[in-house]
Structures are given as C-alpha cells and as structure tokens.
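In what follows, chains carry the letters A, B, and so on, assigned in the order in which the sequence lines appear, proteins first and then strands, with residues in each chain numbered from 1.
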Amino acid sequence: MNIFLHEMRAYRKSVIIWSCSMAFLSVMYIFIFKGLGRDIEDFKLFLSNMPDVLKKVFNIYVDRISSLEGFYSFVFSFVVLCGAMQAMNMGTSAVAKEIRQKTADFLMTKPVSRGAILTSKLMAAFFALLTTNIIYLALTVLAAFIVVNKFNLILFVMITFTLFFVQLIFMALGFLISVTARKIESVVTVSLSTVFGFYVIGSLGSFLGENRVRYFSPFRYFDTGYIIEHSAYETSFLAISIAFIIAALAGSFLIYIKKDIHAA
Amino acid sequence: MNVIEIKNLTKYYGKSRGIVDVSFTVEEGEIFGFIGPNGAGKSTTIRILLSLIYPTSGSAAIFGKDCIKFAPEIAGNIGYLPSEVFYYEKMKVIDLLKYSASFYKKDCTKRIHELAEIMDLDLKKRIDDLSFGTKKKVGIVQSLLHEPKLIILDEPTSGLDPLMQQKFFSLLLEENKKGAAVFLSSHVLSEVQRLCSRVAIIKEGKIIKLEKIRDLTENNYKKFKIEIKREIGRSFFDMDGISNLEMENNIASFLYKGNINLIIKKISEAEISNLWIEEPSLEEIFMHYYKKEI
C-alpha cells in the first residue's frame, strides 16, 4: 500500500495536467459544434466533397457530423492519441524510473517481493489512468450538457470509454518494454515513437483501405462509426485488447521477477 | 547459527565473470570484512545476498534461509548501505526516511530522530539539494532506522569526512554490541582492520584468503622507504623479513614482516635523512598472497 500511495503522489500533477488538456481539446470542439449551429449542413456538404480516404484517416463520418457524437468522434481521435502518450509514458516509466534514478536498490532491498512491487506500480498506474478518464469524462459531459444539451449521452460515454481501453493497452505495452529493457535513458523518446508508430500504422491502414491493418494498431480497435451505428463495441477487437493486456502484464511479471537488477 | 552462509556461489554476466565458487560464512555477532580491488566481485556477492541479482550456481543463505526464496522475509532484518546512495530526488529527507520506515513492521520515528542527531543530518532538506556526503548520511540513517540484525555495507566510507566516518564506525560498533552482525566490503585495508574480526580477501572473483584480522596484522607487512645519506650496499639489508628490496639512487624501499624493533635497530645503523613507514597497499598484500598461492 505504501508503494501504491508513493506512486500516486508522484502521478498527481501529471494526471491533472493530462486530463485537463484533453478535456480542453474536446470542450473546444463542443463549442465549435455549437458555434456552427445551423451552418452544420454547409459544413457537411464541404466534408462530403472531401476524398473518402481523408475522411477515414480523420475519423469523419459525414452522415453523423450533424450530431454531437459524430462531431465529437472527429476530435476524439486526437484525444485518444494524447491519452495513449500519457498511458505509455506512465507504463514505461513505472519501472524504468527506478532504474534511471537509481532508486531500484533502495526499493528492492526492502521487505517486499518483486511481485508486490510490480502489482503496486500497476495498480497506481491503473488508478491514475482511471482518474484521468473520470476527470476527462466529467468535464466533457458537463460541457456537452451546458453547451449543446441535446445529444445521446450513452453513445457519448461509450465513445469516451474507448479512451480508457486504448490507454490500458499502451500502459501494458509500456510495462512490458520497461521490464525488458536494461535501462531506458529517455522514457519520452521510447513512448512517443511507439505511440506515433502505431498511429501511423493505423492511419496508413485506413489510407490504403486495408482492413487487416486494423489489427496492428490499437488506435483502430474501436471504430467510433461502428459504435454510433450499433451502440456496441466490436467483440473481436475488445477480445484482442483484453488478451493483449493480460499477456503483456503476465509477461512483465515473469520477466521482472527473474530479472537481474544491475548496479548503478 | 551462521548469519550468512555462502556455498560455491558463482555468477557470470553472460560470458564475463562476476564471482567464481565463493564460499564463506559470517557468524552471529561478527563484524566481517570483505576486501578486494575494484571489479573483484565484492558488489556482485552483496547483490546476490540482497537478491538483486540471481546466482548462476551455488547458494547463499541469510539467517539460515535461502536468499532468493525468502528474500522479502530476510530483507526485514537487513540494513543495506550501498557505496553510492540514490533516492527520490524530489522528496524531503524526512519523507524519504518515513517512506523507508513504512516497509518495516515497527515504529521507527524515534530511531530516525536519534540517528539524524548523531549523524548531524538536516531532515527538512530536499534530497536533490544534498551533497554526495550528506546523501550518504541519509543512507546511513536509512539503513539503520529499523534496527536490523544484519548490516550490509558496500564501501561505506566513500564520501564521508573523517569525523563522520568516526561517528559512523562507533554507531556500527554500538549496533554490533546490541547483537547485529556486520558485513562490510571495502578496498581500504585500514578501515577493515579497524572494525572487523575476520576478513575474506577476494580477487578476480575468487576468495584467495580467509582469516582472522589478528593473524593478518600479526603477519603485517610494513612498507619502508629510506633516504640514505651515505651510500650503503645491498648487503646491508640482508636480514630476515625483508622482501621486494629496491634501491634507486639514494632511496631504498622494501616490505618488512616481523618484529618491528629489529628493523628499527637495523636502520639506526645507517645514516639516513628521511624515513617513511607505510601500510602496504592492498595490491601489495595481494601480491604476497598470490605468491603463496603459486
């Protein structure tokens, strides 16, 4: 519990900054949506003249653009990108920071098992992300209610919830990378390049119209168009996400418990 | 019961050697020294004892329990001070110490303040504002605050000024009197001589000597260097106990082992302008043991 609290204290500031910035992005779009008002039909016309590829890459669903959910899903893909960075950073640094700050010797000679250390770190990262999502959701829903008032709350929440899924995937990936690497000099470099890598793969997939590419980019696991149409998530991708998270975390534990912690 | 029991411990990092077939025991209430030059395998041995790294073969037990299997349980009674200490930089000293104490199942508040007073440590400062030596002091308090039964120290005096070293040593002796065993690694012979009752000497990953410090000092080599006024022949130094004689211009240097009075008398026969008597360096002692081995 003490490690958990210690970690949470370290996350406090970053959670507030990330969640508020992401919420700011969305709230701005909610205002733009309101501002467009009746002109939304003209906007729709403009968008429908855009090449299909671009629409796909940017998550634009012309039919739905006149509803807040549809409009929101456009900005939401950027929110997810930010969220992925936050989660990946968090996951990667959880173990790597002890090595980089050379505090691993301190922590790991305490009367706690390595499993317990990793569990505490995992729980802390999980709760930090959960808090991020709660703050983000609360702020955007609040703004949507105040500014627009008429929208499908369930769809809105369902779309927003995918942020959490994607974040958990990247957090798990971050954990796996950080226990595998001997020492990570710059967490940001590793996490940004990985996140952008997957983002580009996902966009490239849409660009090429290749559906199978979706499996390789968590950014494309949760298609907002599908969610709006069916009020559900795609089961296969949900299953892949859960399977990946479990596998990555199980792998992290196995590696971390057996790992040699080298001297500073 | 032995506090530490190491049997045929071997560790390879890939292909490079860590330690090879190391065996020794540390008894209850003992202050045990572990000396050797840098890279000999001192830290490797200590890191295995702390289960930070895993041995390639062999076994190590503390308090009669396997170091790896029972690591968390054993750690509750171990205080560890690494050669270089690193802590969470943004924390205040007192918060760090409280965090450290929170891992042990007892209230350490009183002891923290006692130790901080002895070591003259300001608890309100932030870790990243501390100098290397002050960080070491935090390390000392941190390693002793839960009154461990075994204190493991890896080159403990680096960075500490002589006054603090003195205080630290008397603190260690006090803990030892209360029943704690101390395992201390160092490459400074004199510091081991001051504290320890027994030593293990390690070189290139292998234990080359295990003996009581009393025996080691009895066999004590002294390094003599004499500046001579008037030329004397090499034959002047024909005497039991003198080895490694070197003469260069008017300086003679040699190692001497034996009754110190005899050599002083001998030197007094010559007219000298200067005299140095030094502890031989660790390397020189190793040379000696190496010769014996061969």
Side-chain angles (χ1 to χ4, degrees), chain A residues 1-17 90 93-121 123-124 179-187 253-264, chain B residues 11-14 18 39 42-44 46-56 67-91 95-106 127-128 135 138-139 142-143 146 148 150 152 154-155:
Chain A
M1 196 63 183
N2 48 0
I3 302 176
F4 174 79
L5 291 176
H6 177 81
E7 294 286 310
M8 283 307 269
R9 216 166 289 139
Y11 287 144
R12 209 166 31 191
K13 236 188 230 163
S14 96
V15 163
I16 293 173
I17 293 172
M90 210 174 254
S93 67
V95 173
K97 72 182 172 195
E98 304 283 353
I99 303 290
R100 205 185 22 152
Q101 297 179 335
K102 301 170 184 176
T103 46
D105 278 15
F106 167 80
L107 186 60
M108 299 177 78
T109 53
K110 293 280 174 261
V112 276
S113 67
R114 293 194 185 185
I117 293 175
L118 203 61
T119 309
S120 304
K121 283 183 172 287
M123 289 319 273
V179 296
T180 316
R182 182 174 167 147
K183 187 179 182 183
I184 296 176
E185 286 297 340
S186 165
V187 168
F253 271 91
L254 288 177
I255 295 169
Y256 190 64
I257 286 169
K258 289 274 161 226
K259 194 181 177 181
D260 274 357
I261 305 299
H262 294 285
Chain B
K11 172 74 181 174
Y12 276 91
Y13 300 104
K42 299 187 300 283
S43 293
T44 298
I46 287 180
R47 296 180 82 77
I48 293 174
L49 286 175
L50 296 165
S51 128
L52 286 167
I53 55 176
Y54 297 112
T56 311
C67 273
I68 307 298
K69 262 189 222 150
F70 298 95
E73 193 189 328
I74 293 168
N77 282 313
I78 291 184
Y80 168 55
L81 178 66
S83 52
E84 270 186 89
V85 294
F86 296 98
Y87 297 122
Y88 305 97
E89 304 222 310
K90 285 175 187 162
M91 282 177 103
D95 293 329
L96 184 275
L97 293 174
K98 276 184 183 159
Y99 181 44
S100 178
S102 71
F103 285 93
Y104 305 100
K105 288 175 193 117
K106 55 174 134 184
I127 300 285
D128 52 0
K135 262 188 217 164
V138 180
Q142 191 269 129
S143 61
H146 54 293
L150 170 64
I152 297 179
D154 196 354
E155 315 241 338

Novice: Looking at residues at least two apart in the chain, or sitting in another chain, which of them share a ring-ring contact (aromatic ring centres under 6.0 Å, His included) with A:Tyr256?
Specialist: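 For A:Tyr256, no residue satisfies ring-ring contact (aromatic ring centres under 6.0 Å, His included) once neighbours in sequence are set aside.
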Novice: Could you pull out the closest heavy-atom pair between B:Tyr54 and A:Asp260, with the gap in Å?
Specialist: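 Looks like N-OD1, 2.8 Å.
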Novice: So what's closer than 4.5 Å to chain A heavy atoms on B:Ser100: side chain, backbone, both or neither?
Specialist: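 Both parts, backbone and side chain.
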Novice: Let's test your reading of the structure: which of B:Ser102, B:Ser83, B:Pro82, B:Ser51 forms the most heavy-atom pairs below 4.5 Å with chain A?
Specialist: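 Among B:Ser102, B:Ser83, B:Pro82, B:Ser51, the one with the most close pairs to chain A is B:Ser102.
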Novice: Contact between B:Leu50 and A:Met108 at the side-chain level, heavy atoms closer than 4.5 Å - yes or no?
Specialist: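 No, too far: nothing below the 4.5 Å cut-off.
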Novice: So B:Leu52 and A:Asp105, do their side chains get closer than 4.5 Å, heavy atoms only?
Specialist: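 A:Asp105 reaches B:Leu52 side chain to side chain.
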Novice: Between A:Pro111 and B:Gly76, what is the shortest heavy-atom contact and its length?
Specialist: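 Looking at all heavy atoms of both residues, the closest pair is CB-N, 3.6 Å.
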Novice: Hey, which residues of residues 68-75 of chain B are touching chain A, say heavy atoms under 4.5 Å apart?
Specialist: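 Residues of residues 68-75 of chain B touching chain A at under 4.5 Å: B:Pro72, B:Ala75.
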Novice: Determine whether B:Phe86 and A:Gln101 make a side-chain contact, defined as any pair of heavy atoms from C-beta on separated by less than 4.5 Å.
Specialist: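 They are not in contact (no side-chain heavy atoms under 4.5 Å apart), so the answer is no.
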Novice: Go through the atoms of B:Lys98 and report whether side chain, backbone, both or neither lie under 4.5 Å from a heavy atom of chain A.
Specialist: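 For B:Lys98, there is no contact with chain A at all, as no heavy atom is under 4.5 Å.
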Novice: Only heavy atoms, only distances under 4.5 angstrom. Which residues in residues 2-10 of chain A are near chain B?
Specialist: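 Residues of residues 2-10 of chain A touching chain B at under 4.5 Å: A:Asn2, A:Ile3, A:His6.
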Novice: Would you please name every residue forming a ring-ring contact (aromatic ring centres under 6.0 Å, His included) with B:Tyr87, sequence neighbours left out?
Specialist: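 So B:Tyr87 forms a ring-ring contact (aromatic ring centres under 6.0 Å, His included) with A:Phe106.
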Novice: Once rounded to the nearest 0.5 Å, what's the spacing between atom CD1 of B:Ile127 and atom OG1 of A:Thr103?
Specialist: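 Separation between the atoms: 11.0 Å.
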Novice: Tell me, with the steps shown, if B:Tyr80 and A:Lys110 meet side chain to side chain contact (heavy atoms under 4.5 Å, CB included).
Specialist: CA-CA 9 Å; B:Tyr80 168 55; A:Lys110 293 280 174 261; over 6 Å; no
Novice: If I take atom OG1 from residue A:Thr109 and atom CG from residue B:Leu49, how far apart are they, to the nearest 0.5 angstrom?
Specialist: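 CG of B:Leu49 is found 12.5 Å from OG1 of A:Thr109.
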Novice: Tell me, side chain or backbone of A:Lys97 under 4.5 Å from chain B's heavy atoms, or both, or neither?
Specialist: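 Contact with chain B involves no heavy atom of A:Lys97 at all.
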